[in-house]
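Source: prediction; values computed, not measured. By convention in this document, chain letters (A, B, ...) are assigned in the order of the sequence lines, proteins followed by strands, and residues within each chain are numbered from 1.
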2 protein chains.
Amino acid sequence: MIAPATDSTAYSPRQNAVLDSALRLLVEGGEKALTTAGLARAANCSKESLYKWFGDRDGLLSAVIEFQARKVRVPAEAEGPLDARALTMRLEEFARELLAVLASDASLALNRLAIGQASGEGARLGHLLQERGRRGIGRRIEALLEAARQAGLIAFDEAGEAYATLYGLIVTDQHLRWLLGESPEPRTFDIRAERAVAAFLRLYRR
Amino acid sequence: MIAPATDSTAYSPRQNAVLDSALRLLVEGGEKALTTAGLARAANCSKESLYKWFGDRDGLLSAVIEFQARKVRVPAEAEGPLDARALTMRLEEFARELLAVLASDASLALNRLAIGQASGEGARLGHLLQERGRRGIGRRIEALLEAARQAGLIAFDEAGEAYATLYGLIVTDQHLRWLLGESPEPRTFDIRAERAVAAFLRLYRR
DNA sequence: GCCGATACGTACCGTACGGTACGGTACTAT
DNA sequence: ATAGTACCGTACCGTACGGTACGTATCGGC
């Protein structure tokens, strides 16, 4: 049964609390740790309620992803005059945020979950995660790049390609290393962000 | 029981055939599809033999990773005089190879396996995959970069950082997207490789 | 021709999970 | 007070998996 991807379904406070427990289990023990019985015990609810609310274990997993995505909504940054210095600072801010998000326990746990699920069965959770997570911040940074181009600060043919380049310079292979179990070192994020933005601007500055 | 990471253990032809079946199962159905009974059926061997050879399901998974890593050994490229044109071509060749490897069924399946395992239990498979897979091609390309620097073609402070930049420019977020279930489009690899190398050289050319 | 070793095929065991059913409880509306 | 609702806790069922044990067959060494 393919769930109709209901965007508007808001969960009750009780259900959100349960999803919070589910996310905690997922972060601490991976997919294997998120069992229906385990979640019922951890959240002090009954298995029957779980199946009533989320229909199915897959529905539960999808709900956890949407639950987290809903929490991450970054506040839209205050717009202001855009000169070279402001652009640099906003790009660096974005880079730091991106690294922090990708390195967070919740993000790593959900990405591991979706990736593990992507084999065999269709990539339902993968698409969901991509759509709910990345698209948001992607749109935001592409808008910033577009504004910078309009202001004559940078030049590119296609915003998507410039964004991909920026992303690659910031993240390199760190995300995969973290997913494979390496521990993030947040102290290094600042310098990574600086270097990546400097390189990006050297490539795209007019 | 922590396996002693025996590098030198070569498997018999029969065992390699079994590992090949295991990899096939893994590629087709993900980790869930690689069951002891299923592998015994697919490879026409007994479960008892599996446990005798690999000790344990974890040992089997490790063996599959090492098995694949042993197959991927890229032939060391023929060295020659290194001028700007040769450097560009070798970097583009590397980029194409890298994209092809990362997009291959086997690589994606094994990375998904190791990533799924990385939660909870220690990142044994992750480390193994990192060590057996990446290190090899990393060392090779860093040697090329070092040679290019000695030849005065490019300039950088640290080879590792230059390599990370090159990697990021080539791969961007494609690898993650593939891991999440997006289908690779090999037709685009050439142009991706060209653009990434062009950007890299614009950043590091003397 | 016999023996030991190796490995196949199958049957088996314990466990853990997804999913369902049922009795009991608090709370609300009428 | 009564009926209805939502939920908890627990017990239960079927299944599938990891791991073990056993009987049988193939094959090389003597």
Of the nucleotides D:dG19, D:dC17, D:dG9, which has the atom closest to the B:D56 side chain? D:dG19
Kindly say whether B:Q130 contributes a backbone atom to a donor-acceptor pair with the side chain of B:R135 at under 3.5 angstrom? no
Hey, what do you get for CD (A:E31) to CD (B:E31), rounding to the nearest 0.5 Å? 8.5 Å
Side-chain N or O of B:W53 versus OP1/OP2 of C:dT6: is the shortest distance under 4.0 Å? no
Could you give the OH-to-P distance, from B:Y51 to D:dC17, as a whole number of Å? 11 Å
D:dA16 P sits how many Å from B:L34 CG, rounded? 17 Å
Atom pair distance, as rounded to whole Å: CD in A:E31 and P in C:dC17: 12 Å
Compare the minimum distances between each of C:dG18, C:dC8, D:dC7 and the side chain of A:K47, then state the nucleotide with the smallest one. C:dG18
Can you tell me the distance, in whole Å, between the CG atom of B:L39 and the P atom of D:dC17? 13 Å
Is the distance from the ring center of A:Y163 to that of A:F156 below 6.0 Å? no
Report yes if a side-chain nitrogen or oxygen of A:R14 is closer than 4.0 Å to either non-bridging phosphate oxygen (OP1 or OP2) of D:dC8; otherwise report no. yes
Could B:E93 and B:R96 be called an ion pair, given the rule that one side-chain N must be under 4.0 Å from one carboxylate O? yes
In whole Å, what is the span from the NZ atom of A:K52 to the P atom of C:dG19? 17 Å
Measure from the side-chain heavy atoms of B:E48 and tell me the nearest of C:dC8, C:dT6, D:dG19. C:dC8
Given atom CG of B:L50 and atom C1' of C:dT10, what is their separation to the nearest angstrom? 14 Å
Spacing of B:N44 atom CG relative to D:dT26 atom P, expressed in whole Å: 15 Å
Does D:dC8 have its OP1 or OP2 closer than 4.0 Å to a side-chain nitrogen or oxygen of A:S49? yes
Output yes when a side-chain donor or acceptor of A:R57 lies under 3.5 Å from a complementary backbone atom of A:T36, and no otherwise. no
Does A:S46 put a side-chain nitrogen or oxygen below 4.0 Å from OP1 or OP2 of D:dG9? no
Closest-nucleotide mapping onto DNA chain C: is A:G55 or A:K32 further toward the 5' terminus? I mean the 5' end. A:K32
Between B:D58 (CG) and D:dC17 (P), how many Å, whole number? 17 Å
